Amino acid sequence: MKNGVAILNDPFLNKGTAFTPKEREKLGLTGLLPPRVQTLSEQAKQAYQQYQSKTSDLEKRLFLMTIFNTNRVLFYQLFSQHLVEFMPIVYDPTIAENIEQYSELFVQPQGAAFLSIDQPKSIKTTLKQAAAGRQIKLIVVTDAEGILGIGDWGTNGVDIAVGKLMVYTAAAGIDPSTVLPVVLDVGTNNQQLLKDPLYLGNRHQRIQGQQYQQFVDQFVQAATDLFPELYLHWEDFGRNNAANILNRYQTKMTTFNDDIQGTGIIVLAGILGGLQISGEKFTDQIYLSFGAGTAGAGITKRIFAEMVEQGMSPEEARKHFYLVDKQGLLFADDPTLTPEQKPFARQRNEFSDPDALTNLEAVVKAVHPTILVGTSTQPGTFTEAVVKEMAAHTERPMIFPLSNPTKLAEAKAEDLIKWTSGRALVATGVPAADVHYHGVTYQIGQANNALVYPGLGLGTLAAHAKLLNDVMISAAAHSLGGIVDSAQPGAAVLPPVSKLAAFSQTVAQAVVKSAVKQGLNQQPIHDVKAAVEAMKWQPEYK
Ligand SMILES: NC(=O)c1ccc[n+]([C@@H]2O[C@H](COP(=O)([O-])OP(=O)(O)OC[C@H]3O[C@@H](n4cnc5c(N)ncnc54)[C@H](O)[C@@H]3O)[C@@H](O)[C@H]2O)c1
Ligand SMILES: O=C(O)C[C@H](O)C(=O)O
Ligand SMILES: [Mn+2]
């Protein structure tokens, strides 16, 4: 039992000025706080006022992090009260700025576990120390090789693990005392960091190959030994590792790659929402992925699986997909294709002038996509010419520039609406303001995996599922697609972030239902809604 100063220093126990006189006496806190006792709502009001006095988004984020570091209940009370306003501050895009300046801004390790490839023997001890007696059910782990679209950030990437977990709690009510952020510091190839005297990570090149694989294996082994109920979420690994790691573990435990699977779900949900608006058929769509890396290939795989689910043969379905990467349209004779790209590569003899298909505009001209999704990290690449060419051949072009953060987006929502005279069905990776065009207000859906991974995790945990499989993932995507108000002119293809807490429940219930139907639940579940409800944590003082 902690007491006195130790309680004030424990963000899971600390209530600050909300400790009552009785509690203060019992816990050895008398005189350790100013005399006045405040309620949680008074604390939240005061903190929010202070938040509003900060002038930049980064300052706002840093202020919220000090609350997070000192008092989790207060932090989540605030976050859930101001979800729409705080999402872009706590999470993407401001989190990207924080990651770039992590070492310069460092004040506190925020409860993360820093696992170093140079000390593989310490993995288990570190995880145990970081858990500090808590029963961990959810880990977000990154090796930070591909943070959003901003590349390799070494140890700084720990912030993405911390930030993703914050959204789990704010959106789905995952108990924050059951989560653990982890960074695998395997070095960095970011020269800027290696030269930065303040850089706090391992100062060497990224270690790859067998030693890397072994380190990852050792981490998974230690984590599953220590935390038997673990749901393990992988975030922002590099293109060469992300899919490999997922393939390696997904049949053995409940695990999830956010960039591959989370993004696949949200894009499928967005497409289903878009088709509700356009009235078109899913199996009539022609899909073009611009940027066929971790996210691009992951999304393609999910959309392809849906085509097959909707009755097409795999051979027929494959004809609906085109992948474009750095080299242009991907052809099967290209020796540099990744294993995830290969199934969707095309034959040169399908085209009259295949050698000309080395840029997006030429490919759009040749294949007439109805859906264009950007995960290329290349800003401004959905040009007016590309968009107008696409819109010339389809009534309601679906265009999702998803590269994050804001500075990397393939296009701005407003331009897409204008260039297509309001016909485009748009979703973006970061929040976008409404677009007013010719008397219609266009709402822009946010196709960010944050809209689904919290509910998916909540559902998988609530089901005590043995595995997270494709059927559950498909159920999650379909549960979101139905929430669109298609009768409203300018309606968004996805539900708004303001309803995130509500539809996280919808997603979680769909996942539990699917797990139960497949017999993947390891404990009996009679009432799906109650099972999800029982998992939920509320930001209240106990
Ligand atoms: N909105 C979301 O929920 C979401 C989810 C995941 C990723 N993303 C974004 O998608 C982007 C990619 O992420 P990732 O994890 O797939 O990274 P990745 O590095 O695995 O993939 C990026 C791909 O883009 C390709 N590319 C680079 N330059 C290109 C060019 N000029 N033309 C065409 N392709 C080019 C790369 O070769 C690579 O295959 C990032 O900006 C990330 O923030 C968004
Ligand atoms: O982190 C995000 O905002 C979404 C996604 O996981 C990404 O890598 O961009
Ligand atoms: Mn990511």
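All ligand and atom numbering here is 1-based and tracks the order in the structure. What you see is a predicted model, and the numbers here were worked out from it, not measured in a lab.
When atom types are taken as modelled, the side chain of S514 and the backbone of A510 share no donor-acceptor pair closer than 3.5 angstrom. Under a 3.5 Å cut-off, the side chain of T94 and the backbone N or O of L58 do not form any donor-acceptor pair. Side-chain atoms of N448 come within 3.5 Å of backbone N or O of G429 as a donor-acceptor pair.
The nearest heavy-atom contact from the protein to atom 7 (C) of ligand 2 is L148 CD2, 3.6 Å. N404 ND2, 2.9 Å is the protein heavy atom nearest to atom 9 (O) of ligand 2. Looking only at protein heavy atoms, the nearest one to atom 5 (C) of ligand 2 is N449 ND2, 3.4 Å. With hydrogens left out, the protein atom closest to atom 3 (O) of ligand 2 is D92 OD2, 2.6 Å, a heavy atom. Closest to atom 14 (P) of ligand 1 among all protein heavy atoms lies A295 N, 3.9 Å.
Closest of all the heavy-atom pairs between G262 and F256 is N-CE1, 3.5 Å.
Among L148, N404, L451, the residue whose heavy atom sits closest to atom 13 (O) of ligand 1 is L148. Of the listed options G293, S376, P401, S376 places a heavy atom closest to atom 24 (O) of ligand 1. Of the candidates E145, Q378, E340, E235, the one placing a heavy atom closest to atom 31 (N) of ligand 1 is Q378. Comparing I150, T375, L360, T338 by heavy-atom distance to atom 12 (C) of ligand 1, the nearest is T375. Between atom 33 (C) of ligand 1 and the options V267, T263, D325, the minimum heavy-atom separation is to D325.
For E235, the N/O/S atom at the shortest distance from the Mn ion (ligand 3) is named OE2. Of all N, O or S atoms in D236, the one lying closest to the Mn ion (ligand 3) is OD1. The atom name of the N/O/S atom in D259 closest to the Mn ion (ligand 3) is OD1.
Near D259, with a cut-off below 4.0 Å to any heavy atom, the atoms of ligand 2 are 5 (C), 6 (O), 7 (C), 8 (O). Applying the 4.0 Å criterion to heavy atoms of G429 picks out, from ligand 1, the atoms 1 (N). Per-residue contacts place G149 under 4.0 angstrom from the following atoms of ligand 1 (heavy atoms of the residue considered): 40 (C), 41 (O), 42 (C), 43 (O). Distances below 4.0 Å separate heavy atoms of Y91 from the following atoms of ligand 2: 1 (O), 2 (C), 3 (O), 4 (C).
Between K407 and E100 there is a salt bridge, with a side-chain nitrogen of the basic residue lying less than 4.0 Å from a carboxylate oxygen of the acidic one. Salt bridge status for D175 with K137: absent, with no side-chain N to carboxylate O gap under 4.0 Å.
Heavy-atom separations between A292 and ligand 1 include at least one value shorter than 4.0 Å.
The aromatic ring centroids of H320 and F304 lie 6.0 Å or more from each other. Checked against the 6.0 Å centroid criterion, the rings of Y51 and F86 qualify as a close aromatic pair. Taking the six-membered ring for Trp and the full ring otherwise, Y287 and Y322 have centroids separated by 6.0 Å or more. When ring centroids are compared, F219 and F215 stay outside the 6.0 Å threshold.
Some N or O of N449 is nearer than 3.5 Å to an N or O of ligand 1, by distance alone.
Between Q285 atom CD and M398 atom CE the span is 5.5 Å, to the nearest 0.5 Å.
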